[in-house]
Amino acid sequence: MLTLVTRTARLMALLGGFALTALVAVTCASILGRGIDRFGHWDRVEAAAPGLAAWLTGFGPVRGDYELVEAGIAFAVFSFLPICQLMAAHATVDVFTGLMPARVNRFLAAFWEIVLAFVIILIGWRLYAGFLEKLDNGQTSFLLQFPVWWAYGASLVAAIVAGLVGLYCAAARVAEGVTGRPHLPGSEGSGH
């Protein structure tokens, strides 16, 4: 089961990485286009090379870049959650836990894993409600006019995977607490 969960989490992280890379490329292209357009409107360029200035003003930002980033970033975040949770890579504050016995740390790890799984499932449930609402009312984005439910649907798929991995990790942390043996990657050296 761990192999399947690990492969699924890695696949989601790859998809999130591809989405994030595409969003970075769109953002860079938009910034570059905006800068080239401004350069073409610069008085000195217009005076020195009017043909070049006219050609440069044909550039501009990517149409709907904010909409694309807004739609894609939620998917990327939910896509990274499973691998982060599986590898126990969330940010933690270990000021006092280093002084506690391993058994207490295993209990705390199980408790917080259960809480995190619950929170991810709660967010997924509300995302599902938003998905149904956007699907029902047919809302589209302002500039690109793509259906908003597409972004909700993609994020919902990633949230479902994150919730399933969260449940698996919660069960594994409880098993670690009961048996005292590591069941997840990253459990060996983390005081769990």
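The basis for the numbers below is simple: all heavy atoms, side chains too, and nothing from hydrogens, waters or symmetry mates. Numbers here simply count residues along the sequence, with the first being 1.
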(message) Is it the case that the side chain of Ser141 and the backbone of Phe146 share a donor-acceptor pair, with hydrogens and angles ignored and the cut-off at 3.5 Å?
(response) yes
(request) Enumerate the residue pairs fulfilling salt bridge (Lys or Arg N to Asp or Glu O under 4.0 Å) with a member in residues 125-149, sequence neighbours excluded, ordered by first and then second residue. (result) none
(request) Please examine the side chains of Ser155 and Tyr152, heavy atoms only from C-beta on, and report whether any two atoms are closer than 4.5 Å. (result) no
(request) Enumerate the residue pairs fulfilling salt bridge (Lys or Arg N to Asp or Glu O under 4.0 Å) with a member in residues 78-87, sequence neighbours excluded, ordered by first and then second residue. (result) none
(message) Tell me whether Glu176 contacts the main-chain N or O of Ala171 through its side chain, where contact means a donor paired with an acceptor under 3.5 Å.
(response) no
(request) Kindly write out the residues that satisfy side-chain contact (heavy atoms from CB on, under 4.5 Å) with Ala151, not counting sequence neighbours, or none if the list is empty. (result) Ala71
(message) Using every non-hydrogen atom in the two residues, find where Ala53 and Gly40 come nearest and quote the distance to one decimal.
(response) CB-O, 3.3 Å
(request) List in chain and number order the residues that pass side chain to side chain donor-acceptor pair (under 3.5 Å) with Glu70, two or more places apart in sequence or in another chain; answer none if no residue qualifies. (result) none
(message) So Val165 and Ile83, do their side chains get closer than 4.5 Å, heavy atoms only?
(response) no
(message) The criterion is side-chain contact (heavy atoms from CB on, under 4.5 Å); which residues satisfy it with Ile114, sequence neighbours excluded?
(response) Ala170, Val174
(request) Find out if a path of hydrophobic residues (ILVMFWY) with successive side-chain heavy-atom gaps under 4.5 Å connects Met1 to Val161. (result) yes
(request) Return the set of residues passing side-chain contact (heavy atoms from CB on, under 4.5 Å) with Leu15 (not counting sequence neighbours), or none when no residue passes. (result) Leu11, Met12, Phe75
(message) Is there a path of hydrophobic side-chain contacts, each under 4.5 Å between heavy atoms, that joins Val157 and Leu135?
(response) no
(request) Output all residues satisfying side chain to side chain donor-acceptor pair (under 3.5 Å) with Thr3, sequence neighbours left out; order by chain, then residue number. (result) none
(request) Evaluate whether atom CZ of Phe18 has more than 12 neighbouring non-hydrogen atoms of other residues, nucleotides or ligands under 6.0 angstrom away. (result) no
(request) Would you mind reporting whether Leu81 and His90 have side-chain heavy atoms less than 4.5 Å apart? (result) yes
(message) I want to check something: taking the side chain as every heavy atom from C-beta on, are Cys169 and Leu86 in contact at a cut-off of under 4.5 Å?
(response) yes
(message) Do Leu2 and Tyr168 have side chains that approach each other closer than 4.5 Å (heavy atoms only, starting at C-beta)?
(response) yes
(request) Report the residues that fulfil salt bridge (charged side-chain N to carboxylate O under 4.0 Å, His left out) with Arg34, sequence neighbours left out, ordered by chain and then residue number. (result) Asp65
(request) Could you pull out all residues at least two apart from Thr140 that satisfy side chain to side chain donor-acceptor pair (under 3.5 Å)? (result) Gln145
(message) When you measure from the side chain of Ser30 to the backbone of Pro61, do you find a donor-acceptor pair of N or O atoms at a distance under 3.5 Å?
(response) no
(message) Within the 4.5 Å heavy-atom criterion, are Ile121 and Leu167 side-chain neighbours or not?
(response) yes
(message) What's the separation between atom CG in Leu20 and atom CZ in Phe80, rounded to the nearest 0.5 Å?
(response) 5.0 Å
(request) Group every Ile, Leu, Val, Met, Phe, Trp and Tyr by side-chain heavy-atom contacts under 4.5 Å, then state whether Trp150 and Phe131 land in the same group. (result) yes
(message) A side-chain contact here means heavy atoms from C-beta on lying under 4.5 Å apart; do Ile120 and Gln85 qualify?
(response) yes
(request) Please name all residues satisfying side chain to side chain donor-acceptor pair (under 3.5 Å) with Thr6, sequence neighbours left out, ordered by chain then number. (result) none
(message) For a quick test of reading the model, state the closest non-hydrogen atom pair linking Ala162 to Phe78 and the distance between them.
(response) CB-O, 4.1 Å
(request) Examine Val77 and Phe118 and state if one hydrophobic cluster contains both, with Ile, Leu, Val, Met, Phe, Trp and Tyr joined whenever side-chain heavy atoms are less than 4.5 Å apart. (result) no
(request) Look at the side chain of Thr57 and the backbone N and O of Ala54, then say whether any donor-acceptor pair between them is shorter than 3.5 Å. (result) yes
(request) Indicate the atoms forming the closest heavy-atom contact of Leu68 with Val26, along with that distance. (result) CD1-CG1, 4.2 Å
(message) Count I, L, V, M, F, W, Y as connected when their side-chain heavy atoms are under 4.5 Å apart, and connections chain through other members. Are Leu164 and Leu116 then in the same cluster?
(response) yes
(request) Check Ser79 against Pro82 and note the closest heavy-atom contact, atom names and distance. (result) O-CD, 3.3 Å
(message) Any non-hydrogen side-chain atom of Arg106 less than 4.5 Å from a side-chain atom of Arg173?
(response) no
(message) Give me the atom names and distance for the closest heavy-atom approach of Glu67 to Leu144.
(response) OE1-N, 3.0 Å
(request) Mind listing the closest non-hydrogen atom pair of Ile36 and Leu56 along with its distance? (result) CG2-CD2, 3.6 Å
(message) Can you list everything that forms a side-chain contact (heavy atoms from CB on, under 4.5 Å) with Val119? Sequence neighbours excluded, please.
(response) Val115, Ile123
(message) Filter on ring pair (Phe, Tyr, Trp, His ring centres under 6.0 Å), then keep only pairs touching residues 36-62, sequence neighbours left out; what's left?
(response) Phe39-Trp42, Trp55-Phe59
